[in-house]
Amino acid sequence: MNIRNISTSPFPDQKPGTSGLRKAVTVFQQPHYLENFIQSIFDTIGDFQGQTLILGGDGRYYNRQAIQIILKMAAANGVGRVKVGIGGIMSTPATSCVIRKYNAFGGIILSASHNPGGPEGDFGVKYNTSNGGPAPEKVTAAIFERSKLIDHYKILEAPDVNLDTLSESKLGDMVVEVIDSVQDYEKLMESLFDFERIRELLSSGNFRMCMDSLHAVTGPYAHNLFEQRLGAPRGTVINGTPLEDFGGGHPDPNLVYAHELVKILFGEAAPDFGAASDGDGDRNMILGRKFFVTPSDSLAVITANATLVPGYQDGLAGVARSMPTSQAADRVAADLGIDCYETPTGWKFFGNLLDANKATVCGEESFGTGSNHIREKDGLWAVLFWLNILAVKQKSVEQLLQEHWYKYGRNYYSRHDYEAIDSERANQLLANLYTQIPTLKGKKLGNYEVEYSDDFSYTDPVDGSISENQGIRIGFTDGSRIVYRLSGTGTQGATLRIYLESYEPDTSKQNLEPQQNLADLITIANEVAQVRTFTNMEKPTVIT
Ligand code: G1P
Ligand code: ZN
């Protein structure tokens, strides 16, 4: 066995963002770039000698090459066993499931989530710890510190491993097991949902669904679950074959990028239910016939109806949402008498709440929903949750939402993104907002009066860790909010996100188009931050 010790020098830009290290493929392809980061992980995560690691990715361009490199580095660094997904593919939620199920030391997920793939697209690396969740900030910070000092990495000289058959082989002293995580994932879903009832719904002939996997990682899982296991007709899953470039698309389940699904659900003879998931399978979008469910509302509906689902029939310990997510779930939590936690953006902040059983379900406005069954958000879990609710309630998606708003009021919601703006200008925009924070309280902006304005800071109720500078909030006396923050996942320049929310308890005013309802707040948000001046842009690049 020939372990090589390769000299290297640090790259200054290996700071993990909201969700791992994400860069253009061409950046990762630089000699030593991937290797440096992987060695920095190995140098940071503690004593894994002889232990099991899970490895997989969303199948995007460079996935296969990266897996071969990481396997050889794992062997050289003393890992005992690596369970790797067949074809190098494993969704983010399935990886979390497998880490937990097999008591692995941790896992490495190769994905840039919803960012486009291909030679010109993005690539990414995430490290998850033994609870199955994204490494917390103290671990990602330590990995970054290590990456700034690294001067060598270890790699085994060995032929590539065959990733395309279920098998077990040796790479040096390390065992490489090629696994099919679809089975493990299906078993977990079956333990949570009423498959009998969902099967009745999907095979009844009276209910049609369309699941768009956007040529990304959930294809094999979705075919297996919906068409093979739950009796939906073949063709229910569209774009179900993972492709290295996602068919040239943008694997992000929203109204803009999942346009094929949107056309079907808003077209003639539309199905009853539509869903899509992202590159690595942790996001979801839920649609009814000619009807869009905002992710914030989806979290609220799931919370309100959780006891209809076997895995949650005893009720929820609590619910958690990221700060910019609408406050719809808060109203349900208050009604149920359970706690509602507000965390910074990013799934890693939910881990402690789930581990400590303070929250059972969690959600983000960015099309992320999940629960304590794993430690990642889970796209297909959300789809199954909705199907289970619909199977029990025997109502349409739209009816369900109408009834929900009738009971709790409607939180109108939208996010405006200004992508790829000059980083310096973006920072100036924020700096200008910071100076205004102390002056806004009590001010009238249009018809709204500012109740508070701050830079969101979070103290983790479990370990006391503090995360500052998590977004600027302007809250109004009627419960409306404007939130500004910069993206931590973009790879080009800066992306400004403006989150807008208003609350409407009056049932006669709950059926407006969100942009129309939010028009005044949008104007205020643009004026306060002088968005046009700083971004040089007339309008957002993406509205969700
Ligand atoms: C975005 C979303 C955030 C999500 C993350 C990873 O991060 O806004 O909610 O957790 O992707 O999927 P951002 O680019 O805003 O930092
Ligand atoms: Zn994702």
Side-chain angles (χ1 to χ4, degrees), residues 11-28 111-117 120-126 137 140-141 144 147 250 252 254 256-257 278-279 283 322-325 344-349 364-368 414-437 453-458 467-474 481-500 522 524-544:
F11 292 89
D13 63 346
Q14 298 199 320
K15 185 176 176 19
T18 315
S19 186
L21 181 68
R22 212 175 276 188
K23 301 279 174 198
V25 166
T26 47
V27 173
F28 269 103
S111 171
S113 189
H114 48 284
N115 294 16
E120 307 298 322
D122 286 343
F123 192 74
V125 180
K126 305 190 274 186
E137 271 197 332
T140 53
F144 177 48
S147 77
H250 200 132
D252 202 0
N254 60 40
V256 180
Y257 295 127
D278 73 328
R283 293 186 173 199
S322 68
M323 180 272 282
T325 302
T345 297
W347 207 260
K348 58 185 173 222
F349 294 100
E364 292 194 279
E365 54 65 42
S366 53
F367 298 83
S414 182
R415 183 176 105 184
H416 288 199
D417 289 341
Y418 294 79
E419 296 173 310
I421 52 184
D422 180 68
S423 299
E424 211 170 298
R425 304 284 290 167
N427 287 328
Q428 284 166 3
L429 180 148
L430 282 193
N432 171 50
L433 273 173
Y434 283 127
T435 61
Q436 295 188 55
I437 289 177
S453 159
D454 62 9
D455 183 6
F456 182 62
S457 159
Y458 176 67
S467 303
E468 291 177 314
N469 304 116
Q470 297 296 324
I472 294 176
R473 307 191 288 184
I474 304 178
R481 291 194 310 169
I482 299 171
V483 175
Y484 305 87
R485 60 179 283 282
L486 295 186
S487 156
T489 58
T491 54
Q492 279 159 25
T495 292
L496 170 70
R497 305 204 193 286
I498 305 181
Y499 308 81
L500 305 136
I522 293 170
I524 294 169
N526 290 343
E527 279 172 5
V528 172
Q530 294 175 46
V531 175
R532 283 196 186 145
T533 313
F534 282 107
T535 64
N536 274 332
M537 287 162 96
E538 281 299 308
K539 54 181 182 26
T541 40
V542 178
I543 295 180
T544 52

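Residue numbers start at 1 and run along the sequence shown.
Arg22 and Asp122 are not joined by a salt bridge, as no carboxylate oxygen comes within less than 4.0 angstrom of a charged side-chain nitrogen. Between Arg415 and Asp417, at least one side-chain nitrogen of the basic residue sits less than 4.0 Å from a carboxylate oxygen of the acidic one, meeting the salt-bridge criterion.
Between Thr325 and Glu365, the side chains place no donor N or O within less than 3.5 Å of an acceptor N or O (distance only, hydrogens not considered). Side-chain contact, Ser113 with Asp278: a donor N or O sits under 3.5 Å from an acceptor N or O. Defined by atom type and a distance below 3.5 Å, a donor-acceptor pair is missing between the side-chain atoms of Tyr484 and Arg473. Side-chain N/O atoms of Arg283 and His114 include a donor and acceptor closer than 3.5 Å.
Between Arg481 and Met323 the shortest side-chain heavy-atom distance falls below 4.5 Å. In this structure the side chain of Ser147 never reaches within 4.5 angstrom of the side chain of Phe11, judged on heavy atoms. Taking the side chain as every heavy atom from C-beta outward, Asn427 and Leu486 approach each other to under 4.5 Å. Within the 4.5 Å cutoff, side-chain heavy atoms of Asp13 are placed close to those of Lys23. For the pair Ser19/Lys126, a side-chain contact is recorded, criterion being any heavy-atom separation below 4.5 Å from C-beta on. For the pair Phe349 and Ser467, the minimum side-chain heavy-atom distance is below 4.5 Å.
The neighbour count for Gln436 CD, taken as heavy atoms of other residues, nucleotides or ligands under 6.0 Å away, is above 12. Within 6.0 Å of the CD atom in Gln428, the count of heavy atoms belonging to other residues, nucleotides or ligands exceeds 12.
For the residue pair Glu364 and Gly346, the shortest heavy atom distance occurs at OE2-N, 2.9 Å. Considering all non-hydrogen atoms of both residues, Gly17 and Lys348 come closest at O-NZ, 3.4 Å. Closest approach of Pro12 and Phe144 over heavy atoms only: O-CE1, 3.8 Å. Closest non-hydrogen pair, Asp455 versus Ile437, comes out as N-CD1, 4.0 Å. Taking every heavy atom of both residues into account, Glu419 and Val542 meet most closely at OE1-CG2, 3.6 Å. Residues His416 and Pro540 approach most closely at ND1-CG, 3.5 Å, considering heavy atoms.
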Phe28/Val125 under side chain to side chain contact (heavy atoms under 4.5 Å, CB included): CA gap, chis, key distance, verdict: CA-CA 10 Å; Phe28 269 103; Val125 180; 3.8 Å; yes

Mind running side chain to side chain contact (heavy atoms under 4.5 Å, CB included) on Ser414 and Ile543 for me, showing each step along the way? CA-CA 7 Å; Ser414 182; Ile543 295 180; 3.5 Å; yes

Working note: Ile421 + Phe534, criterion side chain to side chain contact (heavy atoms under 4.5 Å, CB included); need CA distance, chi angles, decisive distance, verdict. CA-CA 9 Å; Ile421 52 184; Phe534 282 107; over 6 Å; no

For Gln470 and Ser457: C-alpha separation, side-chain torsions, deciding distance, then whether side chain to side chain contact (heavy atoms under 4.5 Å, CB included) applies. CA-CA 6 Å; Gln470 297 296 324; Ser457 159; over 6 Å; no

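In this structure, CG on Asn115 lies 12.5 Å from CZ on Phe123, to the nearest 0.5 angstrom. Here the CD1 atom belonging to Ile472 is positioned 12.5 Å from the OH atom belonging to Tyr499, to the nearest 0.5 angstrom. For the atom pair Asn432 CG and Arg425 CZ, the distance stands at 11.0 Å (nearest 0.5 Å). With values rounded to the nearest 0.5 angstrom, Ile524 atom CD1 is found 9.0 Å from Ile474 atom CD1. Interatomic distance, OH of Tyr418 versus CG of Asn536, reported as 12.0 Å (0.5 Å rounding). Interatomic distance, Thr535 OG1 to Asp422 CG, rounded to the nearest 0.5 Å: 10.5 Å.
Under the 30°/60° scheme for interplanar angles, the aromatic rings of Tyr257 and His250 are found to lie parallel.
Checked options Ile498, Val531, Leu500; the residue passing with Ile522 is Leu500 (criterion: side-chain contact (heavy atoms from CB on, under 4.5 Å)).
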